[in-house]
Amino acid sequence: MFERCVGLAWCSGCRIYSAAMVRIPRTRVLVDALGSLPADERVRLRRSEVKLIDHLDRQRDRRS
């Protein structure tokens with residue numbers, strides 16, 4: 001029925017994020033925000049919280 005996942009919310013303005021336990025239907029496909037990147041780039045971003053957040057902020061800015 002549902003899976004428990006950690007949901008993260010990020011505020012680019014105040015640069016604070018919060019986490020909560022959320023329930024996601026098992027049938028829902030979650031999008032990997034780094035999935036389209038080459039493997040070495042994903043590894044580089046996962047090793048640095050600052051680089052990861054900066055990358056995600058830039059992605060958000062492109063969609064706005």
Check against side chain to side chain contact (heavy atoms under 4.5 Å, CB included), Ile24 and Arg4: CA-CA 6 Å; Ile24 305 293; Arg4 291 185 301 161; over 6 Å; no

Side chain to side chain contact (heavy atoms under 4.5 Å, CB included) between Asp54 and Leu45, intermediate numbers included: CA-CA 9 Å; Asp54 286 344; Leu45 291 173; over 6 Å; no

Trace of the side chain to side chain contact (heavy atoms under 4.5 Å, CB included) decision for Trp10 with Ile16: CA-CA 6 Å; Trp10 170 253; Ile16 295 174; 5.6 Å; no

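With rounding to the nearest 0.5 Å, the separation of CD1 in Ile53 from CZ in Arg58 is 12.0 Å. With values rounded to the nearest 0.5 angstrom, Arg47 atom CZ is found 13.5 Å from Leu52 atom CG.
Under a hydrophobic-cluster definition in which Ile, Leu, Val, Met, Phe, Trp and Tyr are linked whenever side-chain heavy atoms come within less than 4.5 Å, directly or via other members, Leu37 and Leu56 are assigned to the same cluster. Residues Val6 and Tyr17 share a single hydrophobic cluster, defined by chaining ILVMFWY side chains whose heavy atoms lie under 4.5 Å apart. Under the 4.5 Å side-chain contact rule for hydrophobic residues, Met21 and Phe2 do not share a cluster.
Ion pairing between Arg42 and Asp32 fails under the 4.0 Å rule for side-chain N and carboxylate O.
Side-chain contact between Arg46 and Leu34: present, with at least one pair of heavy atoms (C-beta onward) separated by less than 4.5 Å. Taking 4.5 Å as the limit, every side-chain heavy atom of Glu3 sits out of range of all side-chain heavy atoms of Arg23.
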